[in-house]
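Side chains are part of it too, since the values below use all heavy atoms of this structure and drop only hydrogens, waters and symmetry mates.
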Amino acid sequence: SIMNNPHSLDCPDYTGDLYTDERHALTEAGLTEQAAVTFLQNMWKKANDTEKVKWDAKVEADRLAAEADLRAQEEAQVAAIALKEQELITAEKEEMKKNKSKYFAVNMNRVAPRGRDVILSTAVITKLKKGEYIPLYHFTNDGLDRVDHDPTAESNNSTKLVPNPDGSLSWEPVLNNKSVSAVKSDAELSIKDFCHACPHMFTAMAECGWPDDRCQMFHTFWSNIQQHEYRDLSEA
């Protein structure tokens with residue numbers, strides 16, 4: 001194999017003492033001294049040109065081999081990544097088969113269910129519209145259930161005359177005695193019932209035309225109670 005790049009070699013000085021024997025052999029054959037030097041230079045050039053062709057072929061072969069080796073490495077790397085990804089996909093499928101409840105399809109566009117409808121008795125609505133005190137019990141689940149099951153549960157179908165701000169009189173429905181006796185005071189409500197009742201009453205107040213600042217005042221007041229560190233002491 002060629003060890004040195006023939007493109008970087010220079011033609012020897014055939015006029016020097018080192019090549020005296022070669023020149024003498026050529027002059028003995030009938031060549032002049034200058035012709036002998038030219039002949040030796042041409043022979044070297046011919047041999048060097050042959051070596052250049054071999055060298056260039058070797059360089060090209062080495063380049064192609066290096067490119068092929070690089071491609072093989074890249075293909076092996078791509079294949080390894082693809083295999084790893086396939087292994088992960090297979091493992092994920094196995095995981096999904098084992099734990100179906102963890103991976104079942106979820107409809108993210110589904111609308112969350114709304115809260116229960118707040119249906120109040122006519123007597124409670126009347127008092128709320130007038131801004132009168134209403135026990136929170138009427139807005140607890142138990143209180144709302146009573147009206148859901150029997151819309152007349154809190155009414156005795158009777159009315160009373162009440163004066164209006166302009167001096168006129170109007171008939172107003174009143175709560176029956178049975179309903180009044182069943183009502184728990186605000187202090188008797190559990191923190192759970194209190195938390196259920198507040199948003200129901202807040203919604204009813206807004207629907208009955210209470211001013212925004214009043215509704216916000218109660219919202220803040222009730223929220224502070226619900227977040228207070230002693231809120232559960234009554235149930236201890």
Side-chain angles (χ1 to χ4, degrees), residues 95-96 99-236:
E95 167 72 8
M96 293 175 69
N99 304 292
K100 293 182 179 179
S101 60
K102 180 180 176 182
Y103 296 98
F104 73 90
V106 177
N107 182 6
M108 299 302 294
N109 296 321
R110 184 174 181 181
V111 178
R114 56 175 292 179
R116 69 176 296 171
D117 292 328
V118 178
I119 301 175
L120 303 172
S121 67
T122 304
V124 169
I125 292 175
T126 300
K127 293 176 72 67
L128 193 60
K129 285 183 176 180
K130 294 180 67 174
E132 296 181 359
Y133 168 70
I134 299 291
L136 280 169
Y137 171 82
H138 292 289
F139 302 89
T140 64
N141 287 338
D142 287 344
L144 294 174
D145 286 343
R146 284 169 53 83
V147 180
D148 283 347
H149 296 152
D150 181 4
T152 64
E154 295 188 341
S155 174
N156 58 10
N157 294 321
S158 64
T159 57
K160 65 178 181 179
L161 278 173
V162 294
N164 295 316
D166 61 1
S168 62
L169 299 176
S170 61
W171 294 100
E172 179 181 300
V174 295
L175 294 170
N176 63 35
N177 293 331
K178 183 178 180 181
S179 174
V180 172
S181 63
V183 173
K184 293 181 180 179
S185 68
D186 292 348
E188 294 176 308
L189 294 181
S190 66
I191 188 64
K192 180 180 179 181
D193 285 337
F194 177 77
C195 291
H196 286 164
C198 290
H200 294 155
M201 186 168 183
F202 180 80
T203 299
M205 290 166 64
E207 291 177 349
C208 287
W210 280 56
D212 291 341
D213 60 339
R214 299 297 191 277
C215 292
Q216 187 59 46
M217 177 190 69
F218 277 99
H219 180 273
T220 302
F221 175 62
W222 290 331
S223 295
N224 289 337
I225 293 176
Q226 293 172 13
Q227 297 172 23
H228 198 279
E229 59 181 319
Y230 297 142
R231 63 186 180 277
D232 295 323
L233 285 183
S234 62
E235 300 178 13

Taking ring-ring contact (aromatic ring centres under 6.0 Å, His included) as the test, write out the residues that go with Tyr103, two or more places apart. none
Within a 6.0 Å radius of atom CZ on Phe104, are there more than 12 heavy atoms belonging to other residues, nucleotides or ligands?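 Count not over threshold, so no.
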Nearest heavy-atom pair of [X] and [Y]: which atoms, and what distance?
X      : Y      : answer
Leu120 : His138 : CD2-O, 4.1 Å
Ala197 : Leu136 : CB-O, 3.5 Å
Cys195 : Gln226 : SG-CG, 3.7 Å

Would you check if the side chain of Trp210 reaches a backbone N or O of Ala204 as a donor-acceptor pair within less than 3.5 Å? no
His228: what forms a side-chain contact (heavy atoms from CB on, under 4.5 Å) with it, not counting sequence neighbours?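 Residues passing side-chain contact (heavy atoms from CB on, under 4.5 Å) with His228: Tyr230.
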Are side-chain heavy atoms of Phe218 and Met201 found at a separation under 4.5 Å? no
Does any part of the side chain of Leu189, heavy atoms only, come nearer than 4.5 Å to the side chain of Lys184, both counted from C-beta?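 When only atoms from C-beta onward are counted, Leu189 and Lys184 do touch, with a gap below 4.5 Å.
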Residues in side chain to side chain donor-acceptor pair (under 3.5 Å) contact with [X], at least two apart in sequence or another chain:
X      : result
Ser101 : none
Gln216 : Thr220
Asp212 : none

Name all residues meeting the salt bridge (Lys or Arg N to Asp or Glu O under 4.0 Å) criterion together with Glu95; count only those two or more places apart in sequence or in a different chain, and write none if there are none. Lys102
